[in-house]
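This chain uses plain numbering: 1 for the first residue, then up along the sequence.
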Amino acid sequence: MALDWAVRNKRIVAAAVAPVALGAAAVVAVAVSEPSAPSTAPTTLTASVTECHDMVSIAVGGRNDSPRPGTHAMLLDADGNPLPAASSTDFSSPWVDEVVNAPRDDVPEGSYSAVYVEYPANMSSYDDAVEAGVDNAETVMQAIRQACPDTKFAVVGYSEGADVARRVAMEIGNQESAEDGSYEIVDPDSVVGVVILADAGRTAGEGPFPGAEDEFRNPDGFDLAYQSGRNSASGSGSLPGTSGSFGALDGKVASFCSEGDLTCSAPENIALLQLAVNVGRQLNVDALERDGLTPETALDVATVLGRIAMAAFADIQSQENWMQSDETFLDVLIKVSDPSYEPAVRDVASTGTDGEITSGELIDLTYLPAKLRNEVIGFIADNENTLEVALSDPYQQTLGPDTGHHFDYWRDSDPENGKPLTSAQYAAAWLTHLAKQAESGELDKAEAEATAPQLVVSSKPIDPAPLPPTTDGDVEKAAAGATTTTPTTTSSTPASPTRAAASSSASPAPVPPVPAAAPAPSPAAPAPSPAAPSPLPAVEPLPAVEPLPTVEPTTVAPTTAESSAPGTTTPAATTTPTTTPVPQP
């Protein structure tokens, strides 16, 4: 009976929370949308991915700001099939155009292009729409990369599209290459910049350029400073479950957030509003806005709330000592209402059979009074700022005409305080800089330098055989690298260290790395003599002159050779070390 009473009370708490969550959801969910005026264009399919460019920007607009098949000309793949995207010459966004079209006038025609990703861009089901945008953006990038392997990419998103851009960047940046060096989406090195305007996945205190050398001033490789100070919007994004590292793209990301824009600068301790956001992500907010609370929309609300409540009870049941923990029921609701939540499973075999009250559960009931007290205290602490935000009218604060901070990115310059450009202008300048680098090949050069193998000094000699000796220095180098010997006349093949040089005009000269006590062979050309044995045995042992990784002196057996040339003899006993100079980098 006591357990049933506890469960009934938990259900009462959930029922009391639901209306509050629904009301806040209707307010906050709207805060991630914005009005738009998408343009129309002829439906003729004109642009193809086979028209290669040095750089292409993948643009993702916000709510209702997306091209539509049948209304706008869609991009074609290499086989002539429509892709979920339209060229920025066939679709225009009132918000994103300023950023993605900026490079056109600064690079030669055809070097740069921008395409808008087609996706639902609605709030019939927010997460389904965003995931569709992610899939479509990656599909378009893969098609372009397959047709144009050298093309560089930028990704730009605003509002709902900002969520798409963040998730695309995180997935690309955190890929692992296959054994052959390929990537499932595209090579992270081909993505040169990411712009996120109103980043709902932003973490508290994060600067505008996460992962950069100076995350408050500029992205890596761009000298223009965004601001002179180290200012950052307070709070964090309203979708903390989408936060995370950009991996290989760290330092290539510009994440802009305006103070007061609740999509990216939501204050701490607004638990009910966070719950409302999670609920709103699963509701058909479009229908609620359009029709109000009707039997159809009410059923949608009841279904979502019921599913969340059941998930909360299942999560509590999966925890062996939940009654003894500090986690509140509101904490559980927020956790399980996140669309990315994956329920845990508790092994009931180890705790008793279903329907039985175990001794552990009876012990848990003793914690019920303390748990209820913690619920009240926790609820107050977790919602310290909820009332303040609600009273400030979050809809007007975020989306109000001429006042909503969701539109600050086109008017947030402050030259007197060290911020000469708006966020949109700065993003446009950065993309223009990247487009110029792509056109000039600087990006490819930088990538090649970053991936080039490093020179390693080896003790193994390098064979300079392709160059015939022409000077004393060349003779010495040739002598160091030869491995064969010929007792006859001059040859273009470098001579062995144990034979005489073929040129009669060269004078003996010591090899710098060899000790001075070891004289060089005589330059006189050997000639056969009846009184002397053939010189071949003296140079026969090839292993003694084979260049080896280790430096060890080798002694050649002394021989005496008479030359037909008067006054010229071969040294009777010559000890020549096979020390080979180590090439320097």
> Search all heavy atoms of R68 against all heavy atoms of S66 and return the closest pair with its distance.
NH1-OG, 3.2 Å
> Could you tell me whether the side chain of H406 and the main chain of T263 form a donor-acceptor pair under 3.5 Å?
no
> So how far is it from C52 SG to D150 CG, rounded to the nearest 0.5 Å?
8.5 Å
> Do the non-hydrogen side-chain atoms of M55 and Y112 ever get within less than 4.5 Å of each other?
yes
> Sequence neighbours left out, what passes salt bridge (Lys or Arg N to Asp or Glu O under 4.0 Å) with R230? Give chain and number order.
D214
> Heavy atoms only: give me the nearest L272-N383 pair and the separation to one decimal.
N-OD1, 2.8 Å
> For Y116 and F91, take the angle between the two ring planes, folded into 0 to 90°, and tell me which bin it lands in: parallel under 30, tilted 30 to 60, perpendicular over 60.
perpendicular
> May I ask you to decide if D54's main-chain N or O and S111's side chain share a donor-acceptor pair within less than 3.5 Å?
no
> So, do V115 and I58 sit near enough that their side-chain heavy atoms are less than 4.5 Å apart?
yes
> Under 3.5 Å, is there a donor-acceptor pair between the side chain of R217 and the main chain of L224?
no
> Run V130 and E160 through side-chain contact (heavy atoms from CB on, under 4.5 Å) and show every step you take.
CA-CA 7 Å; V130 170; E160 189 171 4; 4.1 Å; yes
> Could you walk me through whether T422 and S413 pass side-chain contact (heavy atoms from CB on, under 4.5 Å), step by step?
CA-CA 4 Å; T422 68; S413 63; 3.8 Å; yes
> Less than 4.5 Å apart, side chain to side chain, heavy atoms only: is that true for N218 and Y226?
no
> If we only count heavy atoms from C-beta on, is the R145 to D187 side-chain gap below 4.5 Å?
yes
> Would D286 and R63 count as a side-chain contact (heavy atoms from CB on, under 4.5 Å) if you check the C-alpha gap in whole Å, the side-chain angles of each, and the deciding distance to 0.1 Å?
CA-CA 11 Å; D286 290 340; R63 187 183 182 192; 2.3 Å; yes
> Tell me, with the steps shown, if L434 and K152 meet side-chain contact (heavy atoms from CB on, under 4.5 Å).
CA-CA 9 Å; L434 294 173; K152 303 299 181 183; over 6 Å; no
> Give a yes or no on whether the backbone of R411 and the side-chain of D408 come within a donor-acceptor separation of less than 3.5 Å.
no
> Does one side chain, of D261 or S258, offer a donor that lies under 3.5 Å from an acceptor on the other?
no
> Please check if the side chain of Q425 supplies one atom and the backbone of E98 the other of a donor-acceptor pair under 3.5 Å.
no
> Side chains of V389 and L262: closer than 4.5 Å at any heavy-atom pair?
yes
> Are S234 and E259 linked by a side-chain donor-acceptor pair shorter than 3.5 Å?
yes
> For Q175 versus V186, what's the shortest heavy-atom pair and its separation?
NE2-O, 2.8 Å
> CD/Q227 to CG/D414 distance, rounded to the nearest 0.5 angstrom?
10.5 Å
> Using a 4.5 Å cut-off on heavy atoms from C-beta on, say whether the side chain of L239 contacts that of R281.
yes
> With no hydrogens and no angle check, is any side-chain donor or acceptor of D315 less than 3.5 Å from a backbone partner on A311?
no
> If you count the non-hydrogen atoms of other residues, nucleotides and ligands that lie under 6.0 Å from CD in E213, is the total more than 12?
no
> Q274 side chain to S238 main-chain N or O, any donor-acceptor pair under 3.5 Å?
yes
> Between the side chain of T328 and the main-chain N/O of D331, is any donor-acceptor distance below 3.5 Å?
yes
> For a quick test of reading the model, state the closest non-hydrogen atom pair linking N101 to A114 and the distance between them.
OD1-CB, 4.4 Å
> To the nearest 0.5 Å, tell me how far Q146 CD sits from T50 OG1.
12.0 Å
> V332 pairs by side-chain contact (heavy atoms from CB on, under 4.5 Å) with which of I334, L330, V336?
V336
> Quick check for you: to the nearest 0.5 Å, what is the distance between D163 atom CG and Y126 atom OH?
3.5 Å
> Considering non-hydrogen atoms only, spot the tightest contact between G247 and N174 and give its length.
CA-OD1, 3.6 Å
> Before you tell me yes or no, could you show the steps for S232 and R202 under side-chain hydrogen bond (donor to acceptor under 3.5 Å, both in side chains), namely the whole-Å CA-CA distance, both residues' side-chain angles and the distance that decides it to 0.1 Å?
CA-CA 11 Å; S232 177; R202 173 180 167 271; 2.9 Å; yes
> Any non-hydrogen side-chain atom of I172 less than 4.5 Å from a side-chain atom of F153?
no
> Here's a test for you: under ring pair (Phe, Tyr, Trp, His ring centres under 6.0 Å), which of W430, Y426, F246 qualifies with F209?
Y426
> Search all heavy atoms of Q282 against all heavy atoms of S337 and return the closest pair with its distance.
NE2-O, 2.6 Å
> Counting only N and O atoms by type, is there a donor-acceptor contact under 3.5 Å from the side chain of E118 to the main-chain atoms of N136?
no
> Nearest 0.5 Å, what's the CD1-OG distance between I196 and S159?
13.0 Å
> Is there side-chain contact between Y119 and P84, with at least one heavy-atom pair below 4.5 Å?
no
> As an exercise, state the distance from CD of E439 to NE2 of H53, rounded to the nearest 0.5 Å.
13.5 Å
> I'd like to know whether the aromatic ring centres of W410 and Y158 sit less than 6.0 Å apart in this structure.
yes
> Hey, does the side chain of S243 reach the backbone of G201 with a donor-acceptor pair shorter than 3.5 angstrom?
yes
